[in-house]
2 protein chains.
Amino acid sequence: MRSARPRGAPPRGEAAPAGRRTDNVTGGRAGRRPVTSAAELERHALLIFEERGFEATTVDDVAAAAGIGRRTFFRYYASKNDVVWGEFDAHLETMRAALAATSPDVPVITALRRAILDFNTYPVAETDSHRRRMALILRTPALQAHSTLRYARWRAVVAEFVAARTGRDEGALEPQAVAWAFLGVAVAGYEEWLAHAGAELIPILDRALGLLVDGLDRSL
Amino acid sequence: MRSARPRGAPPRGEAAPAGRRTDNVTGGRAGRRPVTSAAELERHALLIFEERGFEATTVDDVAAAAGIGRRTFFRYYASKNDVVWGEFDAHLETMRAALAATSPDVPVITALRRAILDFNTYPVAETDSHRRRMALILRTPALQAHSTLRYARWRAVVAEFVAARTGRDEGALEPQAVAWAFLGVAVAGYEEWLAHAGAELIPILDRALGLLVDGLDRSL
DNA sequence: CCATCTGTGGCACTCGGTGTCATAGATGGG
DNA sequence: CCCATCTATGACACCGAGTGCCACAGATGG
């Protein structure tokens, strides 16, 4: 089932109140105010994606549900794929900062292990939505593929830290290999989490990271 | 610069000789003979991709260069992305078989290390083309993304072996984590290889795999 | 009232990918 | 030699993601 509405049909917003001269919503900035927000758009999108499936949902559908035009959708998100990633980039900056602020006394591997667990620690209230979001990403081929590009930024953060701490170039084999390896076991941890209904993410992730830290040979 | 030719314009083949009744090219099978081959198509495609860039090349361009119709292109390859992977799947089956045939005396990690090095050992005559192919894959965002789906099959082979050897389920955390980790360091190895002009792949890969095998802590 | 600024969305276009169908070209058999 | 049959080709029409362009909406301060 596809959107019946043709490309340029009339969308309809929730008719937000828009009295003249400042609803003091604007920060004093000139220009028309955005009709929606990235977060609001994401909310609508995730609902439809879960309901109909990612592939079966068109950008038209999402835009219509959010009451905006298709063209406008692409001003909030560069692609349909990008909608599902939420605050990832901002969140990643937090991890970068945390790593940078780590005491040099803490071993590299330990620091990474902690940082990664922190990065993946969400308020309990968000557990369910986090789980649903990750299920979408990890089980939709198009999103799996796209995720590589997001993961690359994550790996860059890890590699940067390893490079700084071991006096190597960020592009060198060791930092990159470590970043790849940590990414890998973390994703494997996520898959394990998703495969088991009531499971807790953090212990699983810790176990996955432990496989690396303790050495694969000793873990098998 | 894009292909100027509209969707359905006339392509032109090399006018292959086609005498009636068997050029004994056919294996006795009925039906029209294919006008080209996947390998031939790949050859044309890689040339254009390297010349103009992957993104800037349209499927029309490739089809035209190969003297076939656009529609026919998609009968040889399911997508533009798939063209660059050559014999990957067949090659992967070789690795699966090699792993399956490994003596139980060889430790899991050692067996994997050997299998992965074998998998990535190419005849010297192909070194250059292999390098160019991998550069294309690892440096083109669209192909980076798509590669995830190929790597998934690779990981499945590794995980299957680990699972069989350690008596675990293939989907369990350990086999999946090991597969992910090995994939990661291997890709890091490839990136290192590509970053250094005259470098040899196998020693670099071996070094990358060694980081995992010896334990990351001891390697930093 | 107006100049200015930002956001919106309609439109047309490109390109990857797919379903359908007529046709080309090979086969073996009568 | 013609024909039934089989496979491959390619034209065509269509869908959906993504983009450039541009007129217009709606907020601002002067």
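All values derive from a computational prediction rather than experimental measurement.
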Residues passing the side chain to side chain donor-acceptor pair (under 3.5 Å) test with B:Thr148, sequence neighbours excluded, are A:Thr148
Once side chain to side chain donor-acceptor pair (under 3.5 Å) is applied, do any residues pair with A:Arg114, and if so which ones, sequence neighbours excluded?
none
Measure all distances between protein nitrogen or oxygen atoms and nitrogen or oxygen atoms of nucleotides 22-24 of chain D, and list the pairs falling under 3.5 Å.
none

Would you kindly give the [atom1]-to-[atom2] distance between [X] and [N], to the nearest whole Å?
X	N	atom1	atom2	value
A:Glu55	C:dT18	CD	C1'	14 Å
B:Arg71	C:dG16	CZ	P	14 Å
A:Ile68	D:dA25	CD1	P	19 Å
B:Arg29	D:dT7	CZ	C1'	7 Å
A:Phe73	C:dG7	CZ	C1'	17 Å
B:Phe74	D:dA13	CZ	P	18 Å
A:Asp61	D:dA17	CG	C1'	13 Å

Presence of salt bridge, A:Arg133 and A:Glu42, under 4.0 angstrom
yes
Can we say A:Glu174 and B:Arg207 salt-bridge, meaning some charged N sits less than 4.0 Å from an Asp/Glu carboxylate O?
yes
Between atom CH2 of B:Trp180 and atom CG of A:Leu183, what is the distance when rounded to the nearest 0.5 Å?
6.0 Å
Once you round to the nearest 0.5 Å, how far does NE2 of B:His146 lie from OG of B:Ser79?
4.5 Å
According to side chain to side chain donor-acceptor pair (under 3.5 Å), does anything in residues 151-162 of chain A pair up with another residue at least two apart or in another chain? List the pairs.
A:Arg96-A:Glu160
Side chain to side chain donor-acceptor pair (under 3.5 Å) partners of residues 115-124 of chain B, not counting sequence neighbours, each pair once
B:His91-B:Tyr122, B:Asn120-B:Tyr190
If you take any heavy atom closer than 4.0 Å to DNA chain C, which residues from residues 76-86 of chain B end up in contact?
B:Ala78, B:Ser79, B:Lys80
